[in-house]
Amino acid sequence: MAGQVAHRVAVVGGGPGGLYAAALLKRLDPARRVTVFERNAPEDTFGFGVVLSDETLGGIEEADPVVHAALRERFVRWDTIDVVHRGRTLTSGGHGFAALGRRALLSVLHARCRELGVDLRFSAEAPPAGELADTHDLVVAADGVHSTIREAGRDAFGPHLTAHRCRYIWLAADVAFTAFRFEIAETPHGVMQLHGYPYAPDRSTVIVEMREEVWRDAGFAGLDEAASARRCARIFADALGGRPLRGNASRWTRFRTVVNERWYHGRTVLLGDAAHTAHFSIGSGTKLAVEDALALAACLREQPSVPEALAAYEAERRPVVQSVQRAARASLEWFEDVAGYVHQPPRRFAFNLLTRSRRVTHGNLRLRDAAFTDAVAGEAGFPPGTPPMFTPFTLGGVRLRNRVVVSPMDMYVARDGVPGDFHLVHLGARALGGAGLVMTEMVCVSPEGRITPGCAGLWNDAQEDGWRRVTDFVRAQSPTAAVGVQLGHAGRKGSTRVMWEGIDQPLAEGNWPLVAPSALPYLDGVSQRPRELTRADLVRLRGRFAGAARRAARAGFDVLELHCAHGYLLSSFLSPLTNHRTDAYGGDLAARLRFPLEVFDAVREQWPAARALTVRISATDWAPGGTTSEDALGIAAAFRDHGADAIDVSTGQVVPYERPDHGRSYQTPYADRIRNTLGLPVIAVGALSSWDDVNSLVLAGRADLCALARPHLYDPHWTLHAAAEQGYSGPGAPWPAPYRAGSRIPPTGRTDAPRPRLAL
């Protein structure tokens with residue numbers, strides 16, 4: 001019967017998540033025997049303040065009003081964030097935080113557990129996991145990031161722990177900051193940062209963080225807790241007003257992201273940091289643990305058995321946690337690379353910091369503090385009232401009316417490589433729809449370079465004439481739009497069926513021979529094995545690319561992009577997973593770059609200097625041993641040095657066993673790093689779906705242009721509709737004259753009409 005399962009419960013770990021789970025389970029079923037095992041004494045605690053969101057507090061209030069009332073009495077609240085950058089303090093308001101001391105939180109939970117009859121066993125090691133599972137209906141492993149229960153059941157849970165590149169230490173100050181404070185210190189050893197927030201009327205948590213190499217060079221490796229606290233207090237003396245810092249068994253450590261393939265096994269379930277961690281810079285550790293406890297208790301009430309309850313708990317919580325972990329990783333990586341951002345003007349730096357996790361965007365930050373976002377835009381030189389996405393940008397010698405790019409998308413409807421009416425309507429509609437730059441699909445440089453028989457090409461006069469028809473239409477009907485062509489060769493991923501008939505599957509008949517840097521099929525046992533290219537083949541291929549570039553120039557394209565991504569021919573030279581050559585074109589990164597750079601140089605020679613030339617790369621292969629983020633910097637720098645005007649930064653699709661970390665705007669950090677490390681214009685791609693994403697990336701200085709694919713399939717007029725939704729009607733989004741009558745959002749049936757007064 002629902003609600004009558006798990007009569008004997010053991011909770012291992014007396015942190016907030018474990019205690020709250022124990023209290024809820026006992027409250028929902030007073031007959032339960034709930035025991036908490038905590039190895040430390042009740043007064044022992046590590047760390048200082050705990051931040052909880054209003055959403056989490058609402059859940060606590062509904063689940064246990066007694067706990068909520070006790071917490072509410074102890075909270076300190078504030079709604080501003082201060083970012084201190086090179087002596088300037090930038091303040092953004094409207095955020096809303098609540099915090100209290102960790103010891104106070106534990107005290108409230110201890111009292112509630114005792115009141116409900118939970119058996120609290122302090123200074124007590126829990127029995128072995130197997131023994132607990134034999135004597136209890138449910139074992140809750142809430143024993144933290146170093147969970148002994150998880151490690152004992154490693155084969156069952158499948159944990160993955162990733163250590164990151166910064167060292168940090170938790171400290172406290174006897175002063176209450178008036179805001180959530182982020183302060184950057186540029187020292188002779190490198191950049192250090194302070195994260196601080198109040199947790200009592202006279203106290204604040206202070207976390208000091210820096211890259212591992214900065215930490216070592218600054219001499220922190222040889223300092224104990226007291227010496228580290230004194231040193232940090234000197235570095236951040238202005239923030240502290242000269243006050244000291246103190247520790248609490250504090251030590252320098254590296255953050256570890258914990259991910260588990262499974263959260264439960266048999267009667268044992270992981271909760272909080274034992275199951276997952278999220279970097280402290282988004283303040284979610286305690287929040288996630290408390291929310292886990294709420295969900296676990298609810299599922300045990302709703303489901304008829306422990307196995308069904310644990311399955312429901314994981315199914316409910318895993319997507320939420322994965323989303324938080326993506327945001328947390330974006331945040332921690334931003335701080336790892338903060339040295340690449342300190343050159344930004346103060347307000348842009350502050351905006352960049354505030355939007356680092358990609359959860360806070362230009363739109364919702366503007367709702368919280370419009371004056372702040374308007375000041376950031378003004379500092380960046382954006383005209384008042386103009387959303388960042390509608391500011392112009394000069395790419396090479398080509399002026400783009402806005403920052404929106406229609407990303408190259410293979411359509412697979414060409415006949416013998418010739419673009420037809422479909423291409424005219426498809427690309428013409430998107431140019432009329434307001435995008436600043438409309439890119440063709442990958443246009444192949446030879447018949448054997450096609451992915452499918454439906455791929456477009458640019459190796460003969462008929463194809464050149466077909467593309468000129470498209471560019472002529474755009475010039476006549478949307479004269480401020482630019483149109484670009486992407487040139488490529490499929491390599492080992494060629495001779496396949498069109499996407500909707502079986503992606504990456506060989507043709508049933510009519511296959512053509514494939515070539516690649518190395519004789520490695522894309523899908524083992526399925527794909528055709530390509531022939532390894534000879535030196536003579538490489539010369540011929542360079543000529544093919546050069547010839548296509550000449551035709552592209554005559555066809556009237558404004559921008560040419562060389563496709564060196566997604567596992568196609570040039571990409572296969574760049575990745576160590578697909579280039580196993582032992583000659584001058586294989587080996588280290590410089591050798592793997594040799595042929596793509598030769599092709600780029602051949603194209604550059606044929607392409608008019610006044611028009612833009614870009615390169616698309618895969619900045620990671622999402623696979624062990626493949627292209628890394630550091631490699632991507634080297635690749636981008638090499639193309640920059642050879643004359644590329646921008647890098648179009650994509651990822652993956654190089655090997656079929658990749659494991660991409662999908663999520664909203666998940667590829668944009670790679671573009672961000674290239675732009676802010678190399679000072680090179682970039683085009684960002686990767687699950688961008690809203691105009692808010694575009695505004696956020698552009699205003700933060702993470703990207704110069706944003707390429708969107710699926711949104712433009714859904715809505716050819718995506719850019720114009722984005723302008724209408726933001727109330728913008730300037731030159732960055734001109735409506736074609738025949739469409740101007742539709743430039744306002746159409747009225748809909750009213751659902752929010754004022755209701756008549758029916759009573760006094």
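Heavy atoms only: backbone and side chains are in, while hydrogens, waters and symmetry mates are out. None of the values given here were measured: they were computed from a predicted structure.
Separating the CD atom in E333 from the SG atom in C166 is a distance of 10.5 Å, to the nearest 0.5 Å. The structure places CZ of R262 at 9.0 Å from CZ of R318, a figure rounded to the nearest 0.5 Å. Taking OG of S665 as the reference point, atom CZ of R326 lies at 10.0 Å (rounded to 0.5 Å). Between atom CG of residue L100 and atom OH of residue Y199 there is a gap of 10.5 Å, rounded to the nearest 0.5 Å. Of the inter-residue distances, the one linking R246 atom CZ with L171 atom CG reads 9.5 Å to the nearest 0.5 angstrom. Annotation: the span from Q193 atom CD to H195 atom NE2 amounts to 4.5 Å, rounded to 0.5 Å.
One finds a salt bridge joining R664 and D693 here, because a Lys/Arg side-chain nitrogen approaches an Asp/Glu carboxylate oxygen to under 4.0 Å. Salt-bridge formation is not detected for the pair D79/R77: no Lys NZ or Arg NE/NH1/NH2 atom is positioned less than 4.0 Å from an Asp or Glu carboxylate oxygen. Salt bridge status for R165 with E212: absent, with no side-chain N to carboxylate O gap under 4.0 Å.
When ring centroids are compared, H68 and F75 stay outside the 6.0 Å threshold. Checked against the 6.0 Å centroid criterion, the rings of W78 and H95 do not qualify as a close aromatic pair. For F182 and W334, the distance between ring centers is not under 6.0 angstrom.
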- Message: Please evaluate residues F351 and R356 with respect to the criterion side-chain contact (heavy atoms from CB on, under 4.5 Å), reporting the C-alpha separation (whole Å), side-chain torsions for both, the decisive distance (0.1 Å), and the verdict.
- Response: CA-CA 8 Å; F351 179 86; R356 67 194 180 279; over 6 Å; no
- Task: Could you go through the side-chain contact (heavy atoms from CB on, under 4.5 Å) check for Y20 and I60 one step at a time?
- Result: CA-CA 9 Å; Y20 193 51; I60 292 174; 3.7 Å; yes
- Verdict with supporting geometry, L713 and W718, side-chain contact (heavy atoms from CB on, under 4.5 Å): CA-CA 9 Å; L713 295 181; W718 184 88; over 6 Å; no
- Decide yes or no on salt bridge (Lys or Arg N to Asp or Glu O under 4.0 Å) for D119 and R33, but give the supporting numbers first. CA-CA 8 Å; D119 183 4; R33 293 169 55 190; over 6 Å; no
- Message: What verdict does the ring pair (Phe, Tyr, Trp, His ring centres under 6.0 Å) test give for W622 and Y670, after you've listed the backbone C-alpha separation in whole Å, the side-chain angles of each residue and the deciding distance to 0.1 Å?
- Response: CA-CA 12 Å; W622 300 112; Y670 295 93; 5.8 Å; yes
- Chi angles and distances behind the side-chain contact (heavy atoms from CB on, under 4.5 Å) call for V306, V269: CA-CA 10 Å; V306 169; V269 63; over 6 Å; no
- Verdict with reasoning, R702 to T355, per side-chain hydrogen bond (donor to acceptor under 3.5 Å, both in side chains): CA-CA 10 Å; R702 297 190 193 122; T355 59; 2.8 Å; yes
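E261 CD: more than 12 foreign heavy atoms inside a 6.0 Å radius. Surrounding CZ of R114 are more than 12 heavy atoms belonging to other residues, nucleotides or ligands, all under 6.0 Å away. By the 6.0 Å contact criterion, CZ on R39 is open, its count of non-hydrogen atoms from other residues, nucleotides or ligands being 12 or less.
Listed for the R32 side chain is a donor-acceptor partner under 3.5 Å among the backbone atoms of L25. Proximity of a side-chain donor or acceptor of S696 to a complementary backbone N or O of H362 within less than 3.5 Å is detected. One N or O on the side chain of N364 and one on the backbone of T361 form a donor-acceptor pair closer than 3.5 Å. Under a 3.5 Å cut-off, the side chain of R256 and the backbone N or O of R254 do form a donor-acceptor pair. Here the side chain of R211 pairs a donor or acceptor atom with the backbone of E336 at under 3.5 angstrom. In this structure, R301 contributes its side chain and A297 its backbone to no donor-acceptor pair below 3.5 Å. Side-chain atoms of D369 come within 3.5 Å of backbone atoms of G93 as a donor-acceptor pair (strictly under, hydrogens ignored). Listed for the R27 side chain is a donor-acceptor partner under 3.5 Å among the backbone atoms of A63. Checking side-chain atoms of D82 against main-chain N and O of A179 turns up no donor-acceptor pair under 3.5 Å. Checking side-chain atoms of S357 against main-chain N and O of R359 turns up a donor-acceptor pair under 3.5 Å.
Heavy atoms only, all atoms of each residue included: A274 and N260 are closest at O-ND2, 3.1 Å. The two residues D621 and E658 have their closest heavy-atom pair at O-CB, 3.6 Å. A pairwise comparison of heavy atoms in L116 and A23 identifies CD1-O, 3.3 Å as the closest pair. Residues A309 and L300 share a closest heavy-atom pair of CB-CD2, 3.6 Å. When every heavy atom of S204 is checked against every heavy atom of P198, the shortest pair comes out as OG-CA, 3.5 Å. Heavy-atom minimum distance, F37 versus A10: CE1-CB, 4.1 Å.
Residues R102 and T205 bring no donor and acceptor atom of their side chains to less than 3.5 Å of each other. Side-chain contact of H164 with T257: a donor-acceptor pair under 3.5 Å is present, judged by distance alone. Side-chain atoms of Q325 and H276 include no donor-acceptor pair closer than 3.5 Å. For the 3.5 Å distance criterion, the side chains of H566 and S650 qualify, holding a donor opposite an acceptor. Side chains of D143 and T148: a donor on one and an acceptor on the other come within 3.5 Å. No side-chain donor-acceptor contact under 3.5 Å links S228 and E225.
Taking the side chain as every heavy atom from C-beta outward, V321 and W263 approach each other to under 4.5 Å. Inter-residue side-chain proximity for L688 and T668 is flagged as met; some heavy-atom pair is nearer than 4.5 Å. Contact annotation: the side chain of P660 never approaches that of T651 to less than 4.5 Å [non-hydrogen atoms, C-beta and beyond]. A 4.5 Å side-chain heavy-atom check between S689 and L708 finds every atom pair outside the cut-off. Looking only at side-chain heavy atoms (C-beta outward), T268 and I149 come within less than 4.5 Å of each other. By the 4.5 Å heavy-atom criterion applied to side chains, T80 and T178 are not counted as neighbours. Counting heavy atoms from C-beta on, the side chains of H136 and R267 never come closer than 4.5 Å. Two residues are said to be in side-chain contact when any heavy atoms from C-beta on lie closer than 4.5 Å; V145 and T277 meet this criterion.
Using cut-offs of 30° and 60° for the angle between ring planes, the Y197 and F180 rings count as tilted.
R317 is linked by a salt bridge (charged side-chain N to carboxylate O under 4.0 Å, His left out) to E291, D292, counting only residues two or more places apart in sequence or in another chain. Considering only residues two or more places apart in sequence or on other chains, R72 meets the salt bridge (charged side-chain N to carboxylate O under 4.0 Å, His left out) condition with none of them.
The one candidate from F335, F280, W252 that meets the ring pair (Phe, Tyr, Trp, His ring centres under 6.0 Å) condition with Y168 is F280.
In this structure, R167 satisfies the cation-pi test against W215, with its NZ or CZ atom closer than 6.0 Å to the six-membered ring centre and inside 45 degrees of the ring normal.
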